[in-house]
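What follows is a single structure, written as structure tokens, with notes after it.
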Amino acid sequence: KVFWAEEKWVLPGLVDIHVHLRDPGQEWKEDIETGTKAALYGGVLRVACMPNTVPPNDTPEITSYILKKAEEKGYVKVYPIGCITKGQKGEELTEFGRLKEAGIVAVSDDGKWVANSEVMKRALLYAKQFNLAVISHCEDPTLSQGGQINEGFFSAKLGLKGIPWSAEVAAVVRDLLLAKETGQPVHLAHLSCKEVIPFLRWAKEEDIPFTAETCPHYFSLTEKEVEGYNTLAKVNPPLRKEEDVLAIKEALKEGLIQVIASDHAPHSVLEKEIEFSLAPPGMIGLQTLLPLSLNLVKEGWLNPLKLTECLITNPAKVINVEPPSLKPGKKAEFIVFDPNKTYVLGPDIIQSKSKNTPFLNKELKGITVLAVIGEKIWELNWAV
Ligand code: DOR
């Protein structure tokens, strides 16, 4: 069969290392089948899934469950991430070696429990023994406690407790110092604010081993989205200001942030329909990852090659896996993306079980039209 790719981009599949698949335990939000289907439709052919499941991924049994289900029901390759500490308590470290044997590619404290400094230091040293990536959630909870949105004008206007930028910067600086001290690289997840950037520049100058990540919502949206108590714009870290959006784009251009990930965080309609302060933070992002990231090329921040590094090769490097590639002799693992297709992101286009995105029913440009993995070929979004 011939597929015409005229005026389209042919790319190796994207690698998204920040995805919440919610399976096991919260399958009303998402499961491995629907989450990986959303990934496929987003052109993401590999996902690493965060450990804040129920129960959390802190044992080899949970890791094996995820891998087995992904093998049976998954549309794309899944790499589980293990918890740093047992039972989401932030105290006793999980058994990194046994988890690695079961198949994890990294450990993380992403989600509601955050490692304190002492725990993070031990985790870095322990991870070094097993050559495991450490992904830090980058939040000092003693500074962000109870915060709902960015601290400042809107938190005052809406009467919601704010999350200050210092909560992110304090954790990032700590992680960079610990990476320097231990010699173990740290991956800084979902960076959102301008104040963090000078510290990344300093760390680069100091040759500190780190990688840094941001998500499309941090370079596409501002805190204004929360007006009217819009729970779809509630996310952690929160959406920040125009100047932060600009600083994140500049950091991508300067190479201080090397990874773009979705932080796909599904929550059901009911959970997002309640009062703002009770609604869980997070937004889905697998299907908007590439269209929104493409704006960085259109606006001149990144050239197409740099963009593919941020979405494919750099994230693969963080979790130490070989990225999909178009090189001859490699297994086919590529997508065809139509950068010019304009469409409305209606609920029927979203393959995820949850529809919680501020881009719901908004116009987007760019869509994955074909995905090829080995002998499997999917023609996608035929209904658009
Ligand atoms: O907004 C968020 N949602 N941030 C996180 O770090 C966790 C995530 C979730 O699991 O819902």
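Indexing begins at 1, ligand by ligand and atom by atom, following the structure's order. Model, not experiment: these values are computed from the prediction.
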Between [X] and [Y], does any side-chain donor sit less than 3.5 Å from a side-chain acceptor?
X      : Y      : value
Ser192 : Glu168 : yes
Ser352 : Glu30  : yes
Arg46  : Tyr79  : yes

* To do: Examine ligand 1 and decide if any of its atoms is less than 4.0 Å from a heavy atom belonging to Lys234.
  =>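 Lys234: no contact with ligand 1 (<4.0 Å).
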
Near [X], which atoms of ligand 1 are under 4.0 Å from a heavy atom of that residue?
X      : answer
His267 : 11 (O)
Ala265 : 3 (N), 8 (C), 9 (C), 11 (O)
His190 : 6 (O)
Val235 : 1 (O)
His137 : 6 (O)

* To do: Mind checking salt bridge (charged side-chain N to carboxylate O under 4.0 Å, His left out) for Glu322 and listing every partner two or more places apart, or none if nothing turns up?
  =>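 For Glu322 the salt bridge (charged side-chain N to carboxylate O under 4.0 Å, His left out) partners, ignoring immediate neighbours, are Lys330.
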
* State yes or no: are the ring centers of Tyr126 and Phe96 separated by less than 6.0 Å? =>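 Aromatic pair counts; centres sit under 6.0 Å.
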
* To do: Looking only at distances, please establish whether an N/O atom of ligand 1 is found under 3.5 Å from an N/O atom of Pro237.
  =>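 Among all N and O atoms of Pro237, none is under 3.5 Å from an N or O of ligand 1.
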
* Do any nitrogen or oxygen atoms of Pro281 lie less than 3.5 angstrom from nitrogen or oxygen atoms of ligand 1? ->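 Checking ligand 1 against Pro281, an N or O pair does fall under 3.5 Å apart.
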
* From the candidates Arg22, Met50, Met283, the one that places a heavy atom nearest atom 9 (C) of ligand 1 ->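 Checking each option, the heavy atom nearest atom 9 (C) of ligand 1 is found in Arg22.
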
* Asked: Among Lys353, Lys29, Lys69, which one satisfies salt bridge (charged side-chain N to carboxylate O under 4.0 Å, His left out) with Asp23?
  ->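 Answer to the salt bridge (charged side-chain N to carboxylate O under 4.0 Å, His left out) test with Asp23 among Lys353, Lys29, Lys69: Lys69.
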
* Under 6.0 Å from the six-membered ring centre of Phe276 and within 45° of its axis: does the NZ or CZ of Lys234 meet both? ->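 Geometry flag: set, cation within 6.0 Å and 45°.
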
